[in-house]
Novice: 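Have a look at this one.
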There are 2 protein chains.
Amino acid sequence: MLKSTAPPSGCVPRTIGPLYGGDVSGPSDRSRVSRLPDATIARLPLYLRSLAQLQADRTVVVSSEDLADSAGVNASQVRKDLSFLGPVGTRGLGYDVDSLRSKIEVELGLTEELGVVIIGYGNLGRALAGYRGFGARGFRVVALVDDDPAVRAVAPDPLPIHPLSELGRLAQEYALAIALVATPASAAQDVADAVVAAGIRSILNFAPATLNVPADVTVRKVDLAVELQILSYFRQRRPGATVG
Amino acid sequence: MLKSTAPPSGCVPRTIGPLYGGDVSGPSDRSRVSRLPDATIARLPLYLRSLAQLQADRTVVVSSEDLADSAGVNASQVRKDLSFLGPVGTRGLGYDVDSLRSKIEVELGLTEELGVVIIGYGNLGRALAGYRGFGARGFRVVALVDDDPAVRAVAPDPLPIHPLSELGRLAQEYALAIALVATPASAAQDVADAVVAAGIRSILNFAPATLNVPADVTVRKVDLAVELQILSYFRQRRPGATVG
DNA sequence: GCATGTGAATAGATTCACAGCG
DNA sequence: CGCTGTGAATCTATTCACATGC
């Protein structure tokens, strides 16, 4: 799939799938058994979310149809996705909520808590740091980085804010697994380089910039403006746009 | 594609494509000429971003290969995508940066400024309100909504914060085009119902919940935990996870 | 000559429809 | 009987390879 010629510079990671919305640039060498289809991987977290809700409601068993409704997808999609995890349901009955949840968590590698560093402590970085949903789902923000001394001086958070130069040390000390890049676009590539140099190989990029990273680094991106522009397209093509 | 039987309740909008990352639930009736493939629609904003950069650098013409590098996709993908806009390049030369940018903007409906309302003025809502990137790309936050009187009392923003009950009026007054839902999951469906009732038909949902909306409403979602869990999957399947 | 634009080929994802099994 | 699990069919997207035209 990937031509064996070396990529030009910086090594643009292969965008694994396509598709409208975030995309994955994953460990690009598919020779390794990458068991699940990419589309399935992206949906497992949705099922997990629904299962957690069901669990909270004391529901013991769920059918593919109910799970599908709850996750906003098609029932045969649910069955196909879950079938990749092995035989995980009971015919005639449905899926056991608890055990399915565990199976998905194992599949996603959510068995240990993963350390997260937030790089860029502006508006968005602060909001991310304050986000309550991390702990509940197996992630913990353990370090903050910003290269602007003025930003570091404010330090309104329980966690100290470090300069980028300390990222390598932080990565070792806290076993950082994931970096959230919340810097301006202009700084994003330098930050990504530092992240890679620090040995962190999972990046969630909020900066509106394309990151060039080695092939063994996974990047997912979240770009607000891109999302809005996609919405704009559908808006424009609507029958009668009345209000907006 | 959509079975003609009426959906159960609330009408789950069809998730138009799949794919790992945000997905679209768009105006589901494809009978109308929805010219571009969904995957293309999702990439046009990326090209736009690259083109803006090139324009800033005073680059006049760009080849599909350079544009592809800059956007992080494949060159033939770029050519295929752009070919849907009509003949937009010059053989032997490349694409004119200015005119290509305009063409894409027109295609995405970015010719008029679109009014955005942020619903839920917690951590994330405030960060979104403070985000500088809106204006630069044709969107403007013109209203804020939060149903918690305590939150409204703080009002640290130039814009006043309204109760949800005023959304209908705000939608009319400001011709709101897009709603950003940044509430807790528990409130998200009620908010979505109010958004729909107010006549707004584009939603960007940050709440970790599936929204049920009528078929003519487009929803895109951004879920931080989902992104992290996807990263976790790839992390787990890596050869030798050293640091993290 | 060179890079676009495009039909054809391939790969991947979704949906269907039903066999299999509790 | 009911619901899972799955092969087959379909649909969509990506990539290739080359004809086309500046």
Side-chain angles (χ1 to χ4, degrees), chain A residues 1-3 5 14-21 23-26 28 30 34-44 47 60-69 71-97 99-100 103, chain B residues 1-3 5 14-21 23-26 28 30 34-44 47 60-69 71-97 99-100 103:
Chain A
M1 234 159 168
L2 192 58
K3 283 223 200 90
T5 57
R14 188 178 58 125
T15 289
I16 278 187
L19 267 339
Y20 32 108
D23 63 358
V24 187
S25 357
S28 68
R30 286 324 208 147
S34 178
R35 285 188 15 288
L36 309 182
D38 291 321
T40 296
I41 295 163
R43 279 187 299 264
L44 289 181
Y47 302 150
V60 175
V61 169
V62 66
S63 68
S64 60
E65 190 164 338
D66 288 350
L67 188 52
D69 282 355
V73 303
N74 178 301
S76 55
Q77 185 116 267
V78 168
R79 293 200 297 277
K80 179 74 89 182
D81 284 340
L82 297 184
S83 74
F84 290 115
L85 307 184
V88 74
T90 310
R91 291 171 197 237
L93 236 103
Y95 301 90
D96 179 81
V97 172
S99 84
L100 179 56
K103 280 230 172 70
Chain B
M1 234 159 168
L2 194 59
K3 282 220 199 92
T5 58
R14 189 180 58 128
T15 288
I16 278 186
L19 267 338
Y20 32 107
D23 63 359
V24 188
S25 355
S28 67
R30 287 318 212 159
S34 178
R35 287 191 11 291
L36 309 183
D38 292 321
T40 297
I41 295 163
R43 279 188 298 264
L44 289 181
Y47 303 149
V60 175
V61 169
V62 67
S63 68
S64 61
E65 190 163 338
D66 288 350
L67 189 51
D69 282 355
V73 303
N74 178 301
S76 55
Q77 184 117 266
V78 168
R79 292 200 297 277
K80 181 73 89 182
D81 284 340
L82 297 183
S83 74
F84 291 114
L85 307 183
V88 73
T90 310
R91 291 172 197 234
L93 235 102
Y95 301 91
D96 179 82
V97 172
S99 84
L100 179 55
K103 280 229 172 70

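Side chains are part of it too, since the values below use all heavy atoms of this structure and drop only hydrogens, waters and symmetry mates.
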Novice: Check this one for me: any side-chain N or O of B:S64 less than 4.0 Å away from OP1 or OP2 of C:dT4?
Specialist: yes
Novice: Closest heavy-atom contact between B:Y95 and B:S63?
Specialist: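 Looking at all heavy atoms of both residues, the shortest contact is CD1-C, 4.4 Å.
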Novice: OP1, OP2 of D:dA13 versus side-chain N and O of B:Q77: anything below 4.0 Å?
Specialist: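 Checking B:Q77 against D:dA13: no side-chain N or O falls below 4.0 Å of OP1 or OP2.
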Novice: What are the two closest non-hydrogen atoms of B:E65 and B:A75, and how far apart are they?
Specialist: CA-CB, 3.9 Å
Novice: Could you go through residues 81-90 of chain B and list every donor-acceptor pair under 3.5 Å that involves a side-chain atom there, pairing it with any protein atom two or more places apart or in another chain?
Specialist:
{"unit_1": "B:D81", "atom_1": "OD1", "unit_2": "B:T40", "atom_2": "OG1", "d": "2.7"}
{"unit_1": "B:D81", "atom_1": "OD1", "unit_2": "B:R43", "atom_2": "NH2", "d": "3.0"}
{"unit_1": "B:D81", "atom_1": "OD2", "unit_2": "B:R43", "atom_2": "NE", "d": "2.6"}
{"unit_1": "B:D81", "atom_1": "OD2", "unit_2": "B:R43", "atom_2": "NH2", "d": "3.3"}
{"unit_1": "B:D81", "atom_1": "OD2", "unit_2": "B:Y47", "atom_2": "OH", "d": "2.6"}
{"unit_1": "B:S83", "atom_1": "OG", "unit_2": "B:K80", "atom_2": "O", "d": "2.6"}

Novice: A:N74 has a side chain; which of C:dC16, C:dG5, C:dA17 sits nearest to it?
Specialist: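 Looking only at heavy atoms from C-beta outward on A:N74, the closest nucleotide is C:dC16.
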Novice: Which ones in residues 87-96 of chain A lie close to DNA chain D, meaning a heavy atom under 4.0 Å from one of its atoms?
Specialist: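 A:P87, A:V88, A:G89, A:T90, A:R91, A:G92, A:L93, A:G94, A:Y95 - these, ordered by number, are the residues of the stretch whose heavy atoms sit under 4.0 Å from the strand.
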Novice: Give the rounded distance in Å between these two atoms: CG of A:D38 and C1' of D:dA13.
Specialist: 13 Å
Novice: Which nucleotide in the set C:dT15, D:dC18, C:dA13 lies at the smallest distance from any side-chain heavy atom of A:P37?
Specialist: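 In terms of side-chain proximity for A:P37, the closest of C:dT15, D:dC18, C:dA13 is C:dA13.
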Novice: With respect to the side chain of B:S83, which nucleotide from C:dG5, C:dC16, D:dA13 is positioned closest?
Specialist: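 My answer, after comparing the listed nucleotides, is C:dG5.
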Novice: What is the separation between atom NZ on A:K80 and atom C1' on D:dT4, rounded to the nearest whole Å?
Specialist: 12 Å
Novice: Figure out the CG/P separation between B:D81 and D:dT12, and round it to whole Å.
Specialist: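 The distance from CG of B:D81 to P of D:dT12 comes to 16 Å, rounded to the nearest Å.
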Novice: To the nearest Å, give me how far apart CZ (A:R79) and C1' (D:dG7) are.
Specialist: 13 Å
Novice: Show the nearest heavy-atom pair for residues A:V61 and A:V97, with the distance to one decimal.
Specialist: N-CG2, 4.0 Å
Novice: Rounded to whole Å, how long is the line connecting atom CZ of A:R43 with atom P of C:dG12?
Specialist: 15 Å
Novice: Counting side-chain heavy atoms from CB outward, which of C:dA17, C:dA3, D:dA17 is closest to B:S63?
Specialist: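 When the side chain of B:S63 is considered, C:dA3 is the closest of C:dA17, C:dA3, D:dA17.
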Novice: Rounded to whole Å, please give me the gap between CG in A:L82 and P in C:dT15.
Specialist: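 Roughly 15 Å, once rounded to whole Å.
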Novice: What is the distance, rounded to the nearest whole Å, between atom CG of A:L36 and atom C1' of C:dG12?
Specialist: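 Rounding to the nearest Å, CG of A:L36 and C1' of C:dG12 are 14 Å apart.
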